[in-house]
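Taking it in order: structure first as structure tokens, then the write-up.
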There are 4 protein chains.
Amino acid sequence: MLDKRDQILEAAEELFAQKGFEGTSVRDLAKKAKVNVAMISYYFGSKEKLFESLVEYRAAFLREKLQLINREEVLDPISKIEMLIDFYVDRITSQSRFSRILHRELSLQQRSEMHNAIADIILRNAHEMRKIIQEGIRKKVFRKMDAEMLIATLVGTTMQATNSKEMVCKLIGSDPQKFSFNDTRYKNRLKNYLKDLMRTTLLYSKKQSA
Amino acid sequence: MLDKRDQILEAAEELFAQKGFEGTSVRDLAKKAKVNVAMISYYFGSKEKLFESLVEYRAAFLREKLQLINREEVLDPISKIEMLIDFYVDRITSQSRFSRILHRELSLQQRSEMHNAIADIILRNAHEMRKIIQEGIRKKVFRKMDAEMLIATLVGTTMQATNSKEMVCKLIGSDPQKFSFNDTRYKNRLKNYLKDLMRTTLLYSKKQSA
Amino acid sequence: MLDKRDQILEAAEELFAQKGFEGTSVRDLAKKAKVNVAMISYYFGSKEKLFESLVEYRAAFLREKLQLINREEVLDPISKIEMLIDFYVDRITSQSRFSRILHRELSLQQRSEMHNAIADIILRNAHEMRKIIQEGIRKKVFRKMDAEMLIATLVGTTMQATNSKEMVCKLIGSDPQKFSFNDTRYKNRLKNYLKDLMRTTLLYSKKQSA
Amino acid sequence: MLDKRDQILEAAEELFAQKGFEGTSVRDLAKKAKVNVAMISYYFGSKEKLFESLVEYRAAFLREKLQLINREEVLDPISKIEMLIDFYVDRITSQSRFSRILHRELSLQQRSEMHNAIADIILRNAHEMRKIIQEGIRKKVFRKMDAEMLIATLVGTTMQATNSKEMVCKLIGSDPQKFSFNDTRYKNRLKNYLKDLMRTTLLYSKKQSA
DNA sequence: AATGAATGAGCCTTCATTCAT
DNA sequence: AATGAATGAAGGCTCATTCAT
């Protein structure tokens, strides 16, 4: 069984994703985690510090994965991008809603300890992503591109597709409950789309037409 | 001078964008709008209803603009996409932060009147955007593409680029205050990137290489 | 009937005197004042600010009285001291427990806004008292004395006598409820003692023996 | 090294004097005493019981000293009063702030075990003080005086002078940091003042003028 | 004997809303 | 129509204490 600290972190991840940071009360958290309200302050100091701890708790894993991709010497750039897409889409669409939390809270223009902590995490991850892209450009495998904006596309598209999954279903007119929109299928659809998008936009057109 | 109702809506747009819905108090709103606290309930019924009113207040304009683009018979599909990009980037990066509010609150998985109202707006807008893309495909100007995901890219990239502007600056190592990152330049950079992205991915490669 | 603000101030004076600042909760205050808990913050901003308001509320009157004594041109110094004693003892032993509150909170060595506000009040009052004493010395009616310490005696004795009234009763072995220890008698006893003390210590011995 | 119980008592004396009983938390105490939070309940049962223990811990010593003065057969009454002043001023102004704690908590009108325990201590001490005064009166060395009130003057003046040391400095317009207001000098000033006050008020005027 | 973990009650404050005018 | 006053509920947090070891 998880210890109380981890129970709280799990609950926080779920509730912050669902209701946002402001919309989640420490009493909600305590109830979900099945611990006493005072425990949150006891373990983390404050609700805000809990958020920061959650960020640290998840961020290490995120960056490690990216670094792993970067270190793969034998992989060609486009394969790395595809790995990145697979990995990133899985992360965001998984039950672990961590990334969504990060990006939402970041979109608030409130400056605070918390905001800075989040920005830092995302910045470091962005840094790893950029390495992959720049390597491809340097090796003349990729066209010369605006790398920072390309990251925004990868991250933003995934986020948007995830957040609006239900809407996409509506747009197509299908029942969201229907088989064709289950998580795995939707996820694969997103992955395939992103890989195609990256290929068409990154690779030189002769390669594309080949 | 704006009437009180509009003052409140203006204030709401600014504060919700800055601090989120939950993070903004009715007192904050009243102060910003320079009206009495009771006014919000008086005019809108509740803070939540105010949000819905804000949505209605802005949504009409948003959709009208999209419909306008769609109706332009003489425009070729790629020009329409470019108009769409120009329009959308301007909207989101402008001082009118309405779109950002919509998308953030949508990312909360709370089902409510409010949520549904927002989803509805976005859905209708997405519908107009899809028309443009599908028309291009039907006219064989565009490759066959996953239209819904392409919308996610347009919307998601713009959102992400806007939210992480400061981060992009950091990533490049420049001072956010420096001239090269002022709003207009950044906006144009985003527009150019998106237009290039759309061209390379939507158009057949022969056209691209032409 | 008192307005709510005054009801709160009255309740605060009573409860702070009884239970101290820390020992009194805003719920206690609200209950005593028969107002909603939120009213305390609404009117005063915080519990601490309420304290400061209480200080201001009472301090003006206190100082005015002292200034009045000082301005009395025809009064000889010893009469002024006696007026001061009458006035001060009445104040402290009266149902208005304000002075006791001030002195207790001052005895805490915590530096805070509150503490400084209190110190300020007391300082200004002490200033007025000293004027009376120094005038007597200048006119050669009083012996040369340590004026500041004399104030400490006037204030400290009154405070101590009030705080330990019950103890004095025990010391004499009388029932605190008995007639001879009712408030008026005890007050007069204190006044007479202080006046005698001041006369013997301030006046030159020839006058005393006269 | 002190054992844990004594460490706690030492910490309690310091913190209660500084922040009052209510203003001091068990965690503050534990931290200051460098023991576990649970220790306080473990050793003393409760915070309140700790206070009572502190009172017992110090009270014995206090009274012993007074009894010692009383038993000095060869000392004349005025010398005893002077010894009493020396002793009392030292106690209250010393780093051992026990007496200040007693008097402050006594000034709260809350009836409790604690309050009664304190009242008892002070009563017994007052009893010893009164003996000294009454002996002087019986031996016709002192004028007939209100002994109980005289105790209030001794105790109250010392308390007041100590609590308002900083204020006296301000009143004189000197820098509290300045040499002339260091602890020793201030203490001596208070002692000299009190001795003079006692002499002038207790002794018959012929003696005074002599 | 000693303690880190855990608790329920209570703290002060702020919330969105409604009332009386 | 418009508002200052007022409210009960809920906010995050700290409290003294007790539990399990």
Side-chain angles (χ1 to χ4, degrees), chain A residues 3-5 7-8 21-31 33-51, chain B residues 3-5 7-8 21-31 33-51, chain C residues 3-5 7-8 21-31 33-51, chain D residues 3-5 7-8 21-31 33-51:
Chain A
D3 79 346
K4 305 234 164 181
R5 219 188 105 97
Q7 283 175 47
I8 295 170
F21 177 77
E22 292 279 356
T24 305
S25 77
V26 292
R27 277 173 184 77
D28 290 341
L29 289 166
K31 198 176 173 188
K34 285 173 189 160
V35 299
N36 187 278
V37 250
M39 285 273 66
I40 277 115
S41 293
Y42 181 71
Y43 272 128
F44 300 96
S46 69
K47 186 182 153 189
E48 191 148 318
K49 294 257 187 66
L50 162 61
F51 196 111
Chain B
D3 80 345
K4 306 224 166 184
R5 221 187 102 98
Q7 281 173 46
I8 295 170
F21 177 77
E22 292 281 354
T24 305
S25 79
V26 177
R27 263 167 193 76
D28 289 341
L29 289 166
K31 197 177 173 188
K34 284 171 190 161
V35 300
N36 186 279
V37 251
M39 282 275 55
I40 277 112
S41 295
Y42 183 68
Y43 269 132
F44 299 94
S46 69
K47 187 182 153 187
E48 192 149 319
K49 294 258 186 63
L50 162 60
F51 197 111
Chain C
D3 79 347
K4 305 232 165 183
R5 221 189 102 99
Q7 284 173 46
I8 295 170
F21 178 78
E22 293 278 356
T24 306
S25 77
V26 291
R27 272 171 189 78
D28 291 341
L29 288 166
K31 197 176 173 188
K34 285 172 189 159
V35 300
N36 186 279
V37 251
M39 285 272 65
I40 277 116
S41 293
Y42 181 70
Y43 271 128
F44 300 95
S46 69
K47 187 183 153 188
E48 192 149 318
K49 293 256 186 66
L50 162 59
F51 196 111
Chain D
D3 79 345
K4 304 223 166 184
R5 224 188 100 98
Q7 282 174 47
I8 295 170
F21 178 77
E22 292 281 354
T24 304
S25 78
V26 177
R27 263 168 193 74
D28 290 341
L29 289 166
K31 198 177 172 189
K34 286 171 188 161
V35 300
N36 186 278
V37 250
M39 283 274 55
I40 277 111
S41 295
Y42 183 68
Y43 269 131
F44 299 95
S46 71
K47 188 181 153 188
E48 192 148 319
K49 294 258 185 65
L50 161 61
F51 196 111

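Here is the naming used below: chain letters follow the sequence lines, and residue numbers restart at 1 for every chain.
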Value in whole Å for how far the P atom of F:dT21 lies from CG of D:Asn36: 17 Å
Nearest-nucleotide check on DNA chain E, B:Asp28 vs A:Lys34; residue mapping nearer the 5' end is A:Lys34
Tell which nucleotide pairs with E:dA2, taking only Watson-Crick or G-U wobble pairs whose two distances are both under 3.5 angstrom. F:dT21
For E:dT14, the Watson-Crick or wobble counterpart (both distances under 3.5 Å): F:dA9
Residue closer to the 5' end of DNA chain F, C:Val35 versus D:Thr24 (nearest nucleotide): C:Val35
If I compare all heavy atoms of C:Lys49 with all of C:Phe44, which pair ends up nearest, and what's the gap? CB-O, 2.9 Å
Hey, could you give me the OH/CG distance between B:Tyr43 and B:Asp3, rounded to the nearest 0.5 Å? 6.0 Å
When you match B:Glu22 and C:Glu22 each to their closest nucleotide on DNA chain E, which lands nearer the 5' end? C:Glu22
Taken to the nearest whole Å, CZ/A:Arg27 to P/F:dT14 is 13 Å
Partner nucleotide, any strand, of E:dA9 [Watson-Crick/G-U, under 3.5 Å]: F:dT14
Using atom types as modelled and distance alone, determine if a side-chain donor or acceptor of D:Lys47 lies under 3.5 Å from a backbone N or O of D:Phe21. yes
Distance check, rounded to the nearest 0.5 Å: A:Ile8 atom CD1 versus A:Ile40 atom CD1? 5.0 Å
Would you give the length of the straight line joining atom CG of C:Leu50 to atom CE of C:Met39, rounded to the nearest 0.5 angstrom? 12.5 Å
To the nearest angstrom, the NZ-P distance between C:Lys31 and F:dT7 comes to 16 Å
More 5' along DNA chain F: A:Val37 or B:Ala38, using each one's nearest nucleotide? B:Ala38
Would one find a side-chain N or O of C:Lys4 under 4.0 angstrom from OP1 or OP2 of F:dG4? no
How many Å lie between CZ on A:Arg5 and P on E:dA5, as a whole number? 11 Å
Give the rounded distance in Å between these two atoms: NZ of C:Lys49 and C1' of E:dT13. 12 Å
Which nucleotide, E:dA5, F:dG12, E:dA16, lies nearest any side-chain atom of B:Val26? E:dA16
Regarding B:Ser25, tell me which of base, sugar-phosphate or nothing describes its non-hydrogen contacts under 4.0 Å with the strands shown. sugar-phosphate
Euclidean distance, atom CZ of residue D:Phe44 to atom P of F:dT17 [Å, nearest integer]: 13 Å
Classify the nucleic acid contact of D:Tyr43 as base, sugar-phosphate or nothing, counting any heavy atom under 4.0 Å across all strands shown. sugar-phosphate
Here the distance between atom C1' of F:dT14 and atom CD1 of A:Ile40, to the nearest Å, is 14 Å
Just the rounded figure in Å: distance from C1' of F:dC13 to CE of A:Met39. 13 Å
With the side chain defined as heavy atoms from C-beta on, B:Tyr42 is closest, among F:dA2, E:dT13, F:dA5, to F:dA2
